[in-house]
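Quick notes on the structure that follows.
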Amino acid sequence: MLQTEIETAQRRVRTDAYQMSIGEVVSMYENGEITIRPEFQRLFRWEAGQKSRLFESILLGIPLPPIFVFETDGSKWELIDGLQRLSTLLEFMGKLRDESGQLLPPSVLESTKYLPSLRNAVWEATDTIHDVPIAEQKPFEKSHQLAIRRARLGVEILKRPSDELTKFDLFQRLNAGGTVANTQELRNCIMLMVNPAYFRAIRGAAETAQFQQVLALTEDMAERQRHMELAVRFLVHTFIDYDGKLDVEEYIDEGIIHLCQRADETAATEIIGTTFAILDRTLGKDALRRFALGKPVGRVGLVGLEGIAVGIAKNLNAIVNLAAPDDFVKSRIHSFWDEADKAGLNSPGLRGTTRLQRTVPLGERWFKP
């Protein structure tokens with residue numbers, strides 16, 4: 001059985017590999033033959049020290065890890081791993097473009113352990129660099145530029161006939177070990193790869209005042225993309241049934257890809273907007289918090305999201321047609337937590353797979369008028 005699964009999965013992945021010079025890869029980017037999705041650059045960002053250490057490694061002859069690309073229908077390449085390395089190279093050379101196609105200002109390097117003279121090093125002196133005056137810039141000598149252009153870079157290619165979903169899975173697996181990206185940041189990138197318009201619609205819904213009020217969102221939570229994570233979970237739980245076969249995170253990953261492919265931005269934003277407007281009007285920041293002895297306690301957790309928010313969403317049409325929908329929701333929220341306790345949903349150590357198979361059905365039943 002295992003061998004059969006391995007052989008089946010291997011047939012879905014066809015790869016090739018090249019060794020190319022950095023100069024060749026840069027030329028491909030300039031000619032539109034390799035694509036870096038600009039929006040990724042806002043989700044992944046290296047610090048100046050990390051960028052400088054990349055050039056230190058190149059100049060010292062230390063081999064770079066390969067980049068991974070996906071071959072598109074037009075035989076062009078779409079970058080799926082190596083964003084920071086490649087964008088750092090392009091930015092330093094003054095070749096990197098933003099979403100509108102405008103060139104971004106070149107970067108400036110800092111001192112490194114072995115090459116302290118990299119401080120204020122630039123590819124070429126230019127007044128488009130605002131942080132360091134031209135008089136303080138130290139342009140690379142032609143020999144150093146040539147060494148960088150000639151440095152070799154491995155390119156692993158996922159061939160076009162491969163199952164497209166393999167591209168998303170490979171992107172996630174390759175990037176999961178990064179120091180910058182968390183689970184939701186990777187998920188955001190996959191959403192952008194599948195359907196940028198859907199991603200932007202969900203981001204807009206997740207950034208509304210009522211959504212963030214109900215979640216009691218802090219700046220730190222927003223920085224970690226917690227609002228996007230909860231919006232994605234809410235949509236997947238609402239529209240896609242969970243059978244318990246997959247790990248919860250894999251179910252969320254597959255679910256949001258399916259919803260992106262379905263491409264119904266209106267349905268997604270409306271159900272988020274209407275559901276969280278009701279929650280905001282009724283109990284605001286306490287709507288998804290646990291109630292004990294008639295008082296809200298603790299923080300907003302997944303039980304509240306899965307049981308209350310999703311439960312309301314699954315009954316939304318019936319609820320909004322009630323004579324007093326807000327009063328109904330408020331009374332059901334207060335009594336929900338007694339049922340949650342009876343179902344053991346607040347038990348410490350409860351597995352996510354088990355919890356999810358209890359919370360969503362309970363919520364759907366509990367908020368049915």
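These numbers come from a predicted model, not from an experiment. Only heavy atoms go into these numbers, but all of them, side chains included; no hydrogens, no water, no symmetry mates.
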Mind telling me whether Y251 and Y242 have parallel, tilted or perpendicular rings, with 30° and 60° as the class edges? tilted
Under the 3.5 angstrom rule, does the side chain of Q212 hit a backbone N or O of A206 as a donor-acceptor pair? yes
Closest non-hydrogen atoms of T88 and L54, given as atom of the first, atom of the second and distance, are CG2-CD2, 3.7 Å
Under 3.5 Å, side chain of D98 to main-chain N/O of L103, donor-acceptor pair present? no
Yes or no on salt bridge (charged side-chain N to carboxylate O under 4.0 Å, His left out) for E306 and R355, after CA distance, side-chain angles and deciding distance? CA-CA 9 Å; E306 297 161 1; R355 184 199 69 246; 2.7 Å; yes
Report yes if the side chains of L89 and K95 come closer than 4.5 Å at any heavy-atom pair, otherwise no. no
Would you check if E124 and P139 make a side-chain contact, meaning some heavy-atom pair closer than 4.5 Å? no
With the threshold set at 4.0 Å, does a side-chain nitrogen-carboxylate oxygen contact exist between E91 and K51? yes
Membership question, hydrophobic clusters at under 4.5 Å side-chain separation (ILVMFWY): are Y198 and I240 in the same one? yes
Show the numbers, then the answer: is there a salt bridge (charged side-chain N to carboxylate O under 4.0 Å, His left out) between E249 and R187? CA-CA 10 Å; E249 294 302 317; R187 204 172 277 143; 2.8 Å; yes
Under the 3.5 angstrom rule, does the side chain of R152 hit a backbone N or O of Q19 as a donor-acceptor pair? yes
Does K76 form a salt bridge (charged side-chain N to carboxylate O under 4.0 Å, His left out) with E71? I'd like the steps, not just the answer. CA-CA 6 Å; K76 296 182 179 181; E71 186 180 69; over 6 Å; no
Mind checking salt bridge (charged side-chain N to carboxylate O under 4.0 Å, His left out) for D338 and listing every partner two or more places apart, or none if nothing turns up? none
With a 4.0 Å cut-off, would you call R226 and E229 a salt bridge? yes
Full working for salt bridge (charged side-chain N to carboxylate O under 4.0 Å, His left out) between D286 and K330: CA-CA 11 Å; D286 297 328; K330 187 173 183 178; over 6 Å; no
What I want to find out is whether K368 reaches E364 closely enough, with some N-O distance under 4.0 Å, to be called a salt bridge. no
Determine the interplanar angle of the W123 and F140 rings, folded into 0 to 90°, and report it as parallel if under 30°, tilted if 30 to 60°, perpendicular if over 60°. tilted
Which residue pairs pass the ring pair (Phe, Tyr, Trp, His ring centres under 6.0 Å) test when at least one of the two sits in residues 202-229, sequence neighbours left out? F211-F276
